[in-house]
Amino acid sequence: LPEQRIQYIRHLFSSISPLVQNAIESYRQQVLAKELAHAAAIGKVAAQVAHDICSPLTALDMVSHSLKGSNDPQFDLVKQSIIRIRQIANDLLRKKSYNHPLPHKDPEAHPIGALIREVAAEKQVELLIRPGVELRLVLEGDASKSCPKIDPDKFKRVLSNVINNSVEAIDKNGTVEVKLARVSDQIEVSIEDTGRGICASILPKLTTRGYSFGKPSGSGLGLFYAKETLESATGTLEIRSQLGRGTTVILKIPSTAAL
């Protein structure tokens, strides 16, 4: 009798197993279909945003050309900002089709110190409306010459977003310090602010897509995008914070070459 029961159980299991596997596969296909539909919807929005950006960009281009030859030191910064916005718009247009992703392209080496200075110059102008916030740069000489392999536009976008977060975390007066250093075989860019700080229980959630903290209108994409960008270059992102004392975001990138 025990042997008959065992045989019966085996037979029952062999009958149920395909049903369970089919159910799991059906669920997986449904989830995948929803993700594809969601991605397609995002692609349409991205294309519309990129299209809408193009018109004011064209106007800005015309104004910048009319000011060509100006001795204003901020003129070059305006031109660089226009170029960066156009690159973002073009990137959105290229990525609008979920089913036709961009071909993989290995990033080239770029001097990271120069990229950081470009972003800092742009932020200094933005901070004119926040006179109580000071942006400081501390670039270690050896590290400043390093050329990690990372997309320069993506890196500048990541750094810009992180600095924006730091500035927004400061209520009135405070500092945002961007440090660049070489640590072993890595380049570390740390962005440290004297803002409100974040409690420890929230820190692990900050790089989750769609999670936003302390910003009612936040999209929850900035740090998620930053983490994703760094990991694509075999780097990492680390966040340290203390309530009432401030937050430090550390971007770690493998150093592959130096000028």
Side-chain angles (χ1 to χ4, degrees), residues 64 72-88 90-91 105-128 130 133-170 174-195 207 222-241 246-259:
S64 67
D72 190 331
Q74 295 182 2
F75 177 64
D76 286 339
L77 177 61
V78 171
K79 289 196 297 183
Q80 289 299 319
S81 297
I82 291 172
I83 291 171
R84 196 152 76 87
I85 295 170
R86 190 172 294 284
Q87 287 170 337
I88 292 171
N90 290 338
D91 193 39
K105 182 181 178 182
D106 291 330
E108 298 177 355
H110 292 272
I112 195 165
L115 299 179
I116 292 173
R117 289 188 185 93
E118 284 182 29
V119 176
E122 184 178 307
K123 295 302 169 187
Q124 293 287 11
V125 175
E126 293 178 12
L127 287 175
L128 291 174
R130 291 291 307 274
V133 179
E134 180 186 2
L135 177 62
R136 301 173 183 169
L137 288 186
V138 181
L139 308 183
E140 184 184 288
D142 183 44
S144 186
K145 298 177 182 178
S146 297
C147 299
K149 289 186 176 181
I150 191 167
D151 184 300
D153 299 320
K154 289 182 178 179
F155 174 76
K156 288 191 288 186
R157 201 178 308 168
V158 166
L159 182 58
S160 177
N161 285 336
V162 175
I163 292 175
N164 287 346
N165 288 345
S166 293
V167 172
E168 291 172 9
I170 298 171
T175 61
V176 177
E177 188 168 83
V178 180
K179 297 179 182 178
L180 172 64
R182 184 193 294 273
V183 180
S184 185
D185 61 345
Q186 287 190 321
I187 293 299
E188 291 192 1
V189 181
S190 62
I191 302 91
E192 182 177 353
D193 66 63
T194 58
T207 54
L223 287 175
F224 168 79
Y225 175 82
K227 181 175 181 286
E228 188 179 63
T229 300
L230 288 167
E231 289 180 349
S232 71
T234 64
T236 58
L237 181 146
E238 181 182 344
I239 306 173
R240 303 170 185 168
S241 190
T247 301
T248 301
V249 178
I250 305 172
L251 315 178
K252 299 181 180 181
I253 310 164
S255 176
T256 57
L259 291 176

(request) Would you give the length of the straight line joining atom CD1 of Ile253 to atom NZ of Lys149, rounded to the nearest 0.5 angstrom? (result) 14.0 Å
(message) When you compare the side chain of Ile239 with that of Leu223, does any pair of heavy atoms fall below 4.5 Å?
(response) yes
(request) Quick one: pull up CD in Glu188 and CD in Glu238 and give me the separation to the nearest 0.5 Å. (result) 8.0 Å
(message) Checking Phe155 against Leu251 for the side chain to side chain contact (heavy atoms under 4.5 Å, CB included) test, could you report, in this order, the C-alpha distance in whole Å, the side-chain angles of both residues, the deciding distance, and whether it holds?
(response) CA-CA 10 Å; Phe155 174 76; Leu251 315 178; 4.3 Å; yes
(message) I need the Ile250 CD1 to Lys179 NZ distance, nearest 0.5 Å.
(response) 9.5 Å
(request) Please report the closest heavy-atom contact between Leu230 and Lys252, naming both atoms and the distance. (result) CD2-O, 4.4 Å
(message) Taking side-chain hydrogen bond (donor to acceptor under 3.5 Å, both in side chains) as the criterion, tell me which of Lys123, Glu122, Glu118 meets it with Ser160.
(response) Lys123
(request) Locate the shortest heavy-atom distance separating Ala181 from Ala143; write the atom from each residue and the value. (result) C-CB, 3.6 Å
(request) Please assess Arg182 against Glu140 for the test salt bridge (Lys or Arg N to Asp or Glu O under 4.0 Å), listing each intermediate value before the final yes or no. (result) CA-CA 8 Å; Arg182 184 193 294 273; Glu140 184 184 288; 5.5 Å; no
(request) State the NZ-CD1 distance between Lys145 and Ile112, to the nearest 0.5 angstrom. (result) 15.5 Å
(request) Please answer whether the main-chain N or O of Ile170 pairs with a side-chain N or O of Arg130 as donor and acceptor at a distance below 3.5 Å. (result) yes
(message) Tell me the closest heavy-atom pair linking Gly246 and Ser241, and the distance in Å.
(response) O-OG, 3.1 Å
(message) Before you tell me yes or no, could you show the steps for Arg117 and Leu139 under side chain to side chain contact (heavy atoms under 4.5 Å, CB included), namely the whole-Å CA-CA distance, both residues' side-chain angles and the distance that decides it to 0.1 Å?
(response) CA-CA 9 Å; Arg117 289 188 185 93; Leu139 308 183; 3.7 Å; yes
(request) Might you point out which heavy atoms bring Leu180 and Ser144 nearest each other, and give the distance in Å? (result) CD2-CA, 3.5 Å
(request) Write down the atom of Ser166, the atom of Asp193, and the distance for their closest heavy-atom approach. (result) OG-OD2, 3.3 Å
(request) Kindly give the heavy-atom pair with the smallest separation between Ala120 and Leu135, and that separation in Å. (result) O-CD2, 3.9 Å
(message) Show, in sequence, the C-alpha distance, side-chain angles and deciding distance for Asn165 and Thr247, and conclude whether the side chain to side chain contact (heavy atoms under 4.5 Å, CB included) test is met.
(response) CA-CA 10 Å; Asn165 288 345; Thr247 301; over 6 Å; no
(message) With rounding to the nearest 0.5 angstrom, report the CD to CG distance, Glu126 to Asn164.
(response) 6.0 Å
(message) Under the criterion side chain to side chain contact (heavy atoms under 4.5 Å, CB included), I'd like the reasoning laid out for Leu237 against Thr229: C-alpha separation, chi angles, the key distance, then a yes or no.
(response) CA-CA 10 Å; Leu237 181 146; Thr229 300; over 6 Å; no
(request) State the CD-OG1 distance between Glu192 and Thr175, to the nearest 0.5 angstrom. (result) 7.5 Å
